[in-house]
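Here, residue 1 is the first one in the sequence, and each next residue gets the next number.
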Amino acid sequence: MNIPLQTLSARQIGGAAVALLLGAVVLTGCDFTADNPGPTPDDELSQEISLPSVVAGMERATGEALNYIAYEGGAVSLEINAAGSIGNFGISTSERRGDVNPSGGDLTWELGHRARFTAEDGVERMRDVLGDDFSSSELAAEGLLWVGYANRLLGENFCKAVIDGGSAQPIDEHFTRAEDAFTEALQIARNVGNTEYEHAALAGRASVRVHLGNFDGAVADAEQVPRDFEYRMPYFSDAEEQYNRIYWANAFTPYGAHTVADTYFGPDVTGEEDLSFSAVDGGNYYDRTGDSRVPYELDPFRDFGDTGEIRWFPQQKYTARASPITLSSGAEMELIIAEGEIRDGNWQAAMTRINDMRAAVARDETNQVSSGTGVESRSAGSETEAWKWLKRERMIALWLEGRRMGDRRRWITDDAVPNAHPQQDLPGRDYCWPISQTEIESNENVSSSDNDLGAPYEY
């Protein structure tokens, strides 16, 4: 992708620059007027005092990309259903159908690759500045985590990799880059004794090794991550571009762009089984079980002015502008281990893990059951049934975290995975974004023929 050398905004300059500014105020007395300096010159970022700002820029670029991709990918994968406008925060008519096309994916492609470039370029800048101290820098470990998560985001949600104006490559290029970054972050985290970064690196590496087909390595990493661990992307309430987009798009201030009605978890309002997926899990999953991982308002009404009051079912996983989105968790690690057990033929052991997770949710004090008996255990009589419930549990545990498209693709394209319940894999809906039209028009090394993937559009 053709991206110019990055600069950071004044907000992204962060704590180091603020400290310098306050020092200047103390020295110069009482003149409190200030001019916006604009973008930070590139050479000023290649100084040690600026490195916290460089890493802050990586975080914000990755956060912005995740914000859009988790929201729009959630619509394509029917984690949420389109409603309301298709303008601000709306979901396009093609995405409503599960159809992603080159022109429709311009923004997600741009944001995803901007995040990758910002993180990778920033890490190389840090290597130059820190020299031998790079391998003992917590800041370097954090930067490498953003390289890993930005590449994972692209790998899980796009069909092909295109690196800095190069040719189209298999999507594994992003997963390999992510694995390398997580591996280096892990070593540095251990060098400096930062257990949070160590666990984030292990969990991130386990998640990309799954896509690379290295289940032994993925399980080995997952087993080292505590089950209560979470590493999350922060969002903020002081500027709209930093709000949690999934929340804000349905906060009725004034947007009401999506609903969980006629999805896997929400109520069936159309009466059409192909939309409600009632055959998968009995229908109205949250209303019936109160599973606190997939909450929505159970019987809400919203006033739409001249239209009057309409029943609306907004998600309640994210309840504020600053609600974070989980990047890695111990729950995901448990499901990676369970999937590894199924692949090794130990599907009964996998079901035990799944039911242990569900029992823990049932004991959650925040769990409020509306009309059912709680989060019930699963029963499987075969490996095929175990696959169905494993897929289902990942869908629940990783709901609205930008992970669903990647899961669907790897299962659909893996001959070792049975199509245990066709509706769970959403036949007819795309499972990755193609190379964007802007990339095709601006990069002489790619063409529209690189998007002729066949399977994502025909399975």
Side-chain angles (χ1 to χ4, degrees), residues 1 60-116 149-160 171 174 233 235 240-251 255-266 294 296 314-315 317-318 321 323-327 395 398-409 426 428-439 451 453 456-457:
M1 185 175 187
R60 292 317 318 142
T62 307
E64 186 175 14
L66 175 62
N67 222 356
Y68 278 79
I69 290 171
Y71 177 40
E72 296 185 28
V76 173
S77 296
L78 214 55
E79 293 183 301
I80 51 175
N81 219 339
S85 72
I86 59 173
N88 285 343
F89 294 95
I91 296 166
S92 71
T93 53
S94 63
E95 288 172 342
R96 292 170 187 233
R97 298 190 304 268
D99 175 19
V100 293
N101 54 67
S103 58
D106 274 346
L107 183 58
T108 51
W109 179 271
E110 177 188 345
L111 292 174
H113 279 277
R114 181 186 300 168
R116 177 199 59 78
Y149 284 119
N151 273 287
R152 187 187 74 179
L153 184 66
L154 289 166
E156 289 187 331
N157 290 281
F158 290 86
C159 305
K160 291 285 186 72
I171 203 62
H174 286 305
M233 173 63 73
Y235 290 95
E240 186 172 288
E241 63 271 16
Q242 295 185 3
Y243 295 172
N244 179 306
R245 188 173 180 82
I246 296 172
Y247 164 76
W248 192 241
N250 220 25
Y255 311 110
H258 59 85
T259 174
V260 299
D262 297 311
T263 67
Y264 284 109
F265 308 119
V294 288
Y296 60 87
Q315 63 78 34
K317 180 169 183 171
Y318 305 119
R321 291 174 293 181
S323 291
I325 296 178
T326 297
L327 293 166
M395 189 193 315
L398 306 182
W399 187 49
L400 294 177
E401 294 177 3
R403 312 295 303 282
R404 178 81 175 116
M405 291 180 79
D407 275 346
R408 288 178 55 226
R409 179 179 59 197
L426 295 176
R429 283 179 173 259
D430 293 338
Y431 52 65
C432 59
W433 270 285
I435 300 169
S436 76
Q437 191 62 37
T438 298
E439 183 74 29
N451 278 331
L453 302 176
Y457 306 100

Do you know which two heavy atoms are closest between [X] and [Y], and how far apart they sit?
X    : Y    : result
Q437 : D106 : N-OD1, 3.2 Å
R96  : A82  : CG-CB, 3.2 Å
E79  : L400 : OE2-N, 3.1 Å
P434 : N451 : CB-OD1, 3.2 Å
M405 : V76  : CE-CG1, 4.2 Å
L78  : R429 : CD1-NH2, 3.7 Å

Check: Y264 and L426 side chains under 4.5 Å, non-hydrogen atoms: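 When only atoms from C-beta onward are counted, Y264 and L426 do touch, with a gap below 4.5 Å.
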Any side-chain heavy-atom pair of L154 and H113 under 4.5 Å: yes
Derivation of the side chain to side chain contact (heavy atoms under 4.5 Å, CB included) call for F158 and W109: CA-CA 8 Å; F158 290 86; W109 179 271; 3.5 Å; yes
Spatial distance of atom [atom1] ([X]) from atom [atom2] ([Y]) [nearest 0.5 Å]:
X    : Y    : atom1 : atom2 : answer
S77  : Y431 : OG    : OH    : 12.0 Å
T259 : Q315 : OG1   : CD    : 10.5 Å
T326 : L66  : OG1   : CG    : 10.0 Å
L153 : R116 : CG    : CZ    : 12.0 Å
R403 : L327 : CZ    : CG    : 8.5 Å
E72  : N67  : CD    : CG    : 10.5 Å

Single hit among W248, Y71, Y68 for ring-ring contact (aromatic ring centres under 6.0 Å, His included) with Y243: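 Answer after filtering W248, Y71, Y68: W248.
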Flag for S94-S92: side-chain donor and acceptor within less than 3.5 Å: yes
CA sep, side-chain torsions, deciding dist, call: Y235, R60, side chain to side chain contact (heavy atoms under 4.5 Å, CB included): CA-CA 9 Å; Y235 290 95; R60 292 317 318 142; 3.8 Å; yes
Step-by-step side chain to side chain contact (heavy atoms under 4.5 Å, CB included) determination, K317 to I246: CA-CA 9 Å; K317 180 169 183 171; I246 296 172; over 6 Å; no
Stepwise side chain to side chain contact (heavy atoms under 4.5 Å, CB included) check, V100 with T108: CA-CA 11 Å; V100 293; T108 51; over 6 Å; no
Evaluation steps, ring-ring contact (aromatic ring centres under 6.0 Å, His included), between F265 and W399: CA-CA 10 Å; F265 308 119; W399 187 49; 5.6 Å; yes
